[in-house]
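Everything on this sheet refers to the single structure shown next.
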2 protein chains.
Amino acid sequence: MSHISEPTVRRLSNYYRVLEEVAAEGKRMISSQLLAEREGITSAQVRKDLSAFGSFGRRGLGYHVEHLRDEIRALLGLDRRWKACIVGAGHIGSALVSYRGFADQGFDVIAVFDADQDRVGRTLEGLVVRHISQLGPKEGFEIGVIATPVRAAQEVADALVAAGVQGILNFAPRKLKVPASITLRTVDMTMEFESLSYALTHTSDSGPRRRRSAPRRRA
Amino acid sequence: MSHISEPTVRRLSNYYRVLEEVAAEGKRMISSQLLAEREGITSAQVRKDLSAFGSFGRRGLGYHVEHLRDEIRALLGLDRRWKACIVGAGHIGSALVSYRGFADQGFDVIAVFDADQDRVGRTLEGLVVRHISQLGPKEGFEIGVIATPVRAAQEVADALVAAGVQGILNFAPRKLKVPASITLRTVDMTMEFESLSYALTHTSDSGPRRRRSAPRRRA
DNA sequence: ATCCGTTCGTGAATTATTTCACTAACTGCG
DNA sequence: CGCAGTTAGTGAAATAATTCACGAACGGAT
């Protein structure tokens with residue numbers, strides 16, 4: 001388990017979800033082959049990923065579904081809960097507060113902040129929106145979620161770091177600067193839109209429209 | 001421009017945003033070095049990415065900010081508009097309808113569907129939520145956005161394909177099966193949560209808690 | 001006009017990731 | 001028990017992505 005690559009962790013996440021489904025279907029064992037088919041990858045990839053953490057399967061039989069699921073849950077750190085706050089009570093922030101997936105994965109949202117006085121005082125899912133100036137280290141937030149407009153994102157990140165969070169989940173489409181000791185993950189929808197736009201532009205029947213750009217000479 | 005890798009396209013997206021900022025700051029030229037610093041990558045990476053599409057810079061000077069921005073905009077297919085519909089008028093769907101980023105990147109949301117009769121008929125940003133059964137090929141949707149619970153996602157994907165969309169943007173945390181001719185991009189928040197959880201678990205002061213799993217012998 | 005400092009574009013080298021292909025472990029059957 | 005069929009685990013090979021490092025092009029100073 002020397003070093004685990006980011007792609008491996010992401011796939012672990014996928015395996016976990018497949019295993020939950022398969023467990024719900026009542027299957028006891030699953031082979032790397034079947035697991036791989038559900039994900040559209042190769043069985044060797046599955047075995048390689050899992051073997052980076054230990055030896056969870058049995059030759060000739062496959063993996064015990066519930067056992068592997070629990071192992072991965074532990075590996076991902078999903079067997080504990082995290083105290084989280086959300087900054088930004090706009091559309092995305094509101095959606096996140098209500099999002100069940102958060103709680104399901106062990107994130108307890110215990111506060112919501114916003115800079116806009118019009119939003120402060122409103123209630124979201126039983127939480128009163130508080131002014132951003134109240135964000136501090138007192139409440140022991142472990143994770144901060146940034147759901148603000150992009151222009152405020154860096155400032156909020158700094159405030160979260162000052163408040164002592166260990167990790168930040170950023171929904172603003174911008175690379176943020178945080179100390180190396182803080183873990184940052186960015187969910188960049190914009191990038192996905194653009195990646196989709198690129199793919200559509202370059203695979204559609206009309207074909208890629210290569211615009212020749214004349215070599216620029218002086219102004 | 002033989003083949004462009006997915007990571008390259010994603011970085012292109014980032015460069016585009018940096019260039020918009022830099023243009024707003026009034027700078028005329030930017031070097032690969034400066035562009036790279038903003039993204040936290042190497043200058044060689046920037047040059048390599050861009051050179052896959054053409055020769056946009058000038059030696060000794062760098063890249064002309066507005067020119068490069070416009071080139072990338074065209075490369076990403078952002079110089080046209082796409083007719084999109086959103087399926088799912090819950091928290092995430094509602095947030096997406098209101099999300100300015102969509103319109104900014106050229107996605108015109110012209111319809112919202114939902115399976116829940118309680119939501120049908122409501123108005124979101126001037127659009128009346130319609131029943132999913134009305135989703136069909138008549139309106140010429142080019143892109144479909146899935147913002148439903150995970151259990152409905154595959155069914156909705158099939159319906160979108162039947163309605164003739166070319167691309168699907170999926171916010172449900174599951175791998176979907178679509179024909180090879182359809183482009184699919186998934187924004188998987190759950191995976192990002194879990195990746196964050198993994199990182200926090202394995203970098204925190206307490207260190208990785210390696211749970212030894214005894215080799216499983218027969219039941 | 002020549003030199004100097006800068007910076008792009010790019011083949012080569014390096015590093016990372018995935019896939020191959022083989023061995024070992026296991027079940028079940030005769 | 002021994003054999004046939006299956007499947008995990010894994011070093012080696014192949015592929016992909018990143019970084020290095022150098023030649024060429026450019027503006028500006030002397």
Side-chain angles (χ1 to χ4, degrees), chain A residues 1-15 18-19 22 27-65 67-69 71-72 195 213-219, chain B residues 1-15 19 22 27-65 67-68 71-72 75 195 212-219:
Chain A
M1 185 176 159
S2 47
H3 178 253
I4 306 299
S5 72
E6 191 50 30
T8 294
V9 176
R10 298 166 75 89
R11 282 191 299 265
L12 225 47
S13 225
N14 291 139
Y15 302 154
V18 170
L19 288 166
V22 171
K27 287 184 73 173
R28 179 170 300 278
M29 304 294 290
I30 189 169
S31 66
S32 59
Q33 179 62 48
L34 249 52
L35 197 38
E37 272 167 25
R38 291 241 195 179
E39 285 294 313
I41 60 179
T42 67
S43 63
Q45 182 78 80
V46 173
R47 294 196 299 277
K48 198 70 150 189
D49 285 338
L50 295 176
S51 75
F53 296 98
S55 193
F56 303 123
R58 289 178 73 192
R59 299 178 183 200
L61 276 182
Y63 300 89
H64 188 277
V65 175
H67 175 242
L68 183 56
R69 180 199 59 193
E71 287 283 350
I72 294 179
S195 166
S213 73
R216 293 175 61 83
R217 298 209 66 81
R218 56 174 70 215
Chain B
M1 184 178 159
S2 47
H3 177 254
I4 305 298
S5 72
E6 191 49 31
T8 294
V9 175
R10 297 166 74 90
R11 283 192 298 265
L12 225 48
S13 226
N14 291 139
Y15 302 154
L19 289 166
V22 171
K27 288 185 73 173
R28 181 170 300 278
M29 305 293 291
I30 189 168
S31 66
S32 58
Q33 178 62 47
L34 248 52
L35 196 37
E37 271 168 23
R38 293 241 195 178
E39 287 294 313
I41 60 180
T42 67
S43 62
Q45 182 77 80
V46 172
R47 294 196 300 276
K48 197 73 148 187
D49 285 339
L50 296 176
S51 74
F53 295 99
S55 193
F56 305 123
R58 289 178 73 191
R59 300 179 182 199
L61 276 182
Y63 300 89
H64 188 276
V65 175
H67 176 241
L68 183 58
E71 287 282 351
I72 294 180
L75 286 171
S195 166
R212 180 160 309 285
S213 71
R216 292 175 61 82
R217 298 209 65 82
R218 56 175 68 217

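The model shown is predicted, which means the values in this text are computed figures rather than measured ones. Note on naming: letters A, B, ... go to the chains in the order of the sequence lines (proteins, then strands), and numbering restarts at 1 for each one.
Residue B:Tyr63 places at least one side-chain N or O under 4.0 Å from the OP1 or OP2 atom of C:dG9. Within the structure, every side-chain polar atom (N or O) of B:Ser32 is placed at least 4.0 Å from both OP1 and OP2 of C:dT7.
Atom pair A:Leu61:CG and D:dG9:P shows a separation of 11 Å (rounding to whole Å applied). For the pair B:Glu6 CD and C:dT17 P, the interatomic distance rounds to 16 Å; values are reported in whole Å. Protein atom CZ of B:Arg58 is 13 Å distant from nucleotide atom P of D:dA25, rounded to whole Å. Between the C1' atom of C:dT6 and the CD1 atom of B:Ile30 lies a distance of 15 Å, rounded to the nearest Å. Rounded to an integer number of Å, the gap from NE2 of B:His64 to P of D:dC26 is 16 Å. Whole-Å rounding puts the B:Leu35 CG to C:dT7 C1' distance at 13 Å. Rounded to an integer number of Å, the gap from A:Ile4 CD1 to C:dA16 P is 14 Å.
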- Task: Scan nucleotides 18-25 of chain C nucleotide by nucleotide, 5' to 3', and note B when protein non-hydrogen atoms come under 4.0 Å of the base, S if they reach only the sugar-phosphate, - if neither.
- Result: SBBB--BB
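Sorted by first and then second residue, the salt bridge (charged side-chain N to carboxylate O under 4.0 Å, His left out) pairs with a member in residues 27-37 of chain B form an empty list; sequence neighbours excluded.
Here the shortest heavy-atom pairing between A:Ile30 and A:Leu35 reads CD1-N, 3.9 Å. The two residues B:Leu12 and B:Leu50 have their closest heavy-atom pair at CD1-CD2, 4.1 Å. Closest of all the heavy-atom pairs between A:Ala52 and A:Ile4 is CB-CD1, 3.8 Å. Closest approach of B:Gln45 to B:Arg11, counting heavy atoms only: NE2-NH2, 3.0 Å. Taking both residues in full, the closest heavy atoms of B:Asp49 and B:Tyr15 are given as OD2-OH, 2.7 Å, listed atom of the first, atom of the second, then distance.
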